[in-house]
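Following: one structure in structure tokens, then a few remarks.
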Amino acid sequence: MANNIEVKELLDAGVHFGHLTRRWDPNMAPYIYMERNGIHIINLYKTAAKIDEAGEALKKIAASGRKILFVATKKQAKEIVAEKASKANQPYITERWPGGMLTNFVTIRKAVKKMASIDRMKKDGTFNTLSKKERLQVDRLRAKLEKNLGSISDMTRLPGALFVVDITREHIAVKEAQKLNIPIFAMVDTNSDPRQVQYVIPANDDASKSIDKVMTYVSDAVIEGLSERKATKEAPKKEAPKKEAPKKEAPKKEAKAEAPVKAETPAKVETPAKVEATVEAPATEAAKQEEE
């Protein structure tokens, strides 16, 4: 993946632009290259290295079968994150972050099940038996649930990782993930504290071009991990018929081995009787001669 990341592409997308110098977080100093016109410039060589590191970790998580939850509620990131996450078949939150999404996951799952029960009502016809007012209320509830939780309907358990765009804005999501020890991947700008995140990607998190560029690399890594998982699942299926062939021949060999044993057993039983007959025969003849 490192070969695919070019600093020039990151530069063209404006990934290097940070915030105003007066709004910076001192903990971002290792990732800042210089200051220009009152704005901090991010070191893109470090950004490329961090994207590569995060991509490898995300690929392993995807290959293990766990989900990666993408979070971005800011206007310029919503559509991009939704598109890239759905392309990689991963859940995402692009509307308001529902409080307790991770720490109170059981309650969130109940809301998702409620959405599924409304869908069943429409299929089996019970929805039509409701009054006009009740149908309108149910439709509004369904639309609200779909907007906030529709993208996580397939997420039946806690995610294996969290990918956040702008950790300052999504601080509630970050705190919930920290409480549950869920690894956090994030695009971190110069105004944020990178110590909150395990996998930091220093980048401009305000420009749509910058977000799109970083998300492209990340989603490609996740898709690569999923394809590896699919390949490992299909490999044993192809090898299975080869291993079964010798098992069918094994019973035939055992039958041949048992055949001579069965033939020998009656021979051994008969030999003592024959020996006794031959031993007894001369004894009876000697007895007759003595009597005469």
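Quick note: residue numbers are just sequence positions, from 1. Hydrogens, waters and symmetry mates play no part in the numbers below; they use all other heavy atoms, side chains included.
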Among all residues two or more places apart in sequence or in another chain, which pass the salt bridge (Lys or Arg N to Asp or Glu O under 4.0 Å) test with [X]?
X: Arg142; answer: Asp119, Glu146
X: Glu53; answer: Lys50
X: Asp25; answer: none
X: Lys8; answer: Asp12

Closest approach of [X] and [Y], non-hydrogen atoms and distance?
X: Ala173; Y: Val71; value: CB-CG1, 4.5 Å
X: Val112; Y: Ser153; value: CG1-CA, 3.7 Å
X: Val15; Y: Ala203; value: CG1-CB, 3.5 Å
X: Met28; Y: Pro202; value: CE-CB, 4.1 Å

- Query: Is it the case that more than 12 heavy atoms not belonging to Lys60 sit under 6.0 Å from its NZ atom?
  - Reply: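 No, the 6.0 Å shell around NZ holds no more than 12 heavy atoms from other groups.
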- Message: Tell me whether the count of non-hydrogen atoms from other residues, nucleotides or ligands lying under 6.0 Å of CD in Glu79 goes above 12.
- Response: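 Atom CD in Glu79 is not packed in, count stays at 12 or less.
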- Message: Suppose the criterion is salt bridge (Lys or Arg N to Asp or Glu O under 4.0 Å): which pairs have a residue in residues 203-214, not counting sequence neighbours?
- Response: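 Passing the test, one end in residues 203-214: Glu9-Lys213, Lys74-Asp205, Lys74-Asp206, Lys84-Asp212.
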Report yes or no: does [X] contribute a side-chain atom to a donor-acceptor pair with the main-chain N or O of [Y] at less than 3.5 Å?
X: Thr129; Y: Gly125; value: no
X: Thr232; Y: Arg229; value: yes
X: Ser219; Y: Ala85; value: no
X: Thr190; Y: His40; value: no

Check: residues 32-39 side-chain donor-acceptor pairs under 3.5 Å, at least two apart:
none

- Would you sort out whether Phe17 and Asn204 count as a side chain to side chain contact (heavy atoms under 4.5 Å, CB included), showing the intermediate values? CA-CA 6 Å; Phe17 289 118; Asn204 179 5; 3.9 Å; yes
- Ser192 and Asp189: side chain to side chain donor-acceptor pair (under 3.5 Å), yes or no, with the steps? CA-CA 6 Å; Ser192 304; Asp189 212 329; over 6 Å; no
Are the side chains of [X] and [Y] in touch, meaning some heavy atoms are under 4.5 Å apart?
X: Val164; Y: Arg169; answer: no
X: Leu141; Y: Leu145; answer: yes
X: Val188; Y: Tyr31; answer: no
X: Arg140; Y: Lys144; answer: no
X: Met187; Y: Ile211; answer: yes
X: Arg157; Y: Arg66; answer: yes

- What residues, two or more places apart in sequence or in another chain, satisfy side chain to side chain donor-acceptor pair (under 3.5 Å) together with Gln198?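 With neighbours one apart ignored, the set is empty.
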Using a 3.5 Å cut-off and no angle test, enumerate the donor-acceptor pairs between side-chain atoms of residues 86-102 and protein atoms at least two apart in sequence or in another chain.
residue, atom, partner, partner atom, Å
Ser86, OG, Ala82, O, 2.7
Ser86, OG, Glu83, O, 2.9
Gln90, OE1, Ile68, N, 2.8
Gln90, NE2, Ala88, O, 3.3
Trp97, NE1, Glu176, OE2, 3.3

- Verdict with reasoning, Ile80 to Val165, per side chain to side chain contact (heavy atoms under 4.5 Å, CB included): CA-CA 11 Å; Ile80 297 165; Val165 177; over 6 Å; no
- Check the pair Val214, Ile201 against side chain to side chain contact (heavy atoms under 4.5 Å, CB included), reporting the backbone distance first and the verdict last. CA-CA 9 Å; Val214 174; Ile201 300 175; 4.2 Å; yes
- What ring pair (Phe, Tyr, Trp, His ring centres under 6.0 Å) pairs are there with at least one residue in residues 105-150, not counting sequence neighbours?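 Every candidate ring pair (Phe, Tyr, Trp, His ring centres under 6.0 Å) pair involving residues 105-150 fails, so no pair, neighbours aside, qualifies.
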- Query: Among pairs that include at least one residue of residues 133-155, which meet ring pair (Phe, Tyr, Trp, His ring centres under 6.0 Å), considering only residues two or more places apart or in two chains?
  - Reply: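 Counting only pairs at least two positions apart or across chains, no ring pair (Phe, Tyr, Trp, His ring centres under 6.0 Å) contact touches residues 133-155.
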- Reported NZ-to-OG distance for the pair Lys78 and Ser208, which is rounded to 0.5 angstrom: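 Answer rounded to 0.5 Å: 14.5 Å.
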- Item | Value rounded to 0.5 Å, distance of CD1 in Ile184 from CG in Leu162 |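 CG of Leu162 is found 6.0 Å from CD1 of Ile184.
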- Task: Identify, with sequence neighbours excluded, every residue that meets ring-ring contact (aromatic ring centres under 6.0 Å, His included) alongside Tyr199.
- Result: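 For Tyr199, the residues satisfying ring-ring contact (aromatic ring centres under 6.0 Å, His included) (neighbours in sequence not counted) are Phe185.
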- Task: Step by step, work out the side chain to side chain contact (heavy atoms under 4.5 Å, CB included) result for Ile51 and Thr47.
- Result: CA-CA 6 Å; Ile51 291 173; Thr47 301; 3.9 Å; yes
N/O donor to acceptor pairs below 3.5 angstrom from side-chain atoms of residues 130-139, sequence neighbours left out:
residue, atom, partner, partner atom, Å
Ser131, OG, Glu134, N, 3.4
Ser131, OG, Glu134, OE1, 3.3
Glu134, OE1, Ser131, N, 3.2
Arg135, NH1, Leu130, O, 2.7
Asp139, OD1, Lys122, NZ, 3.1

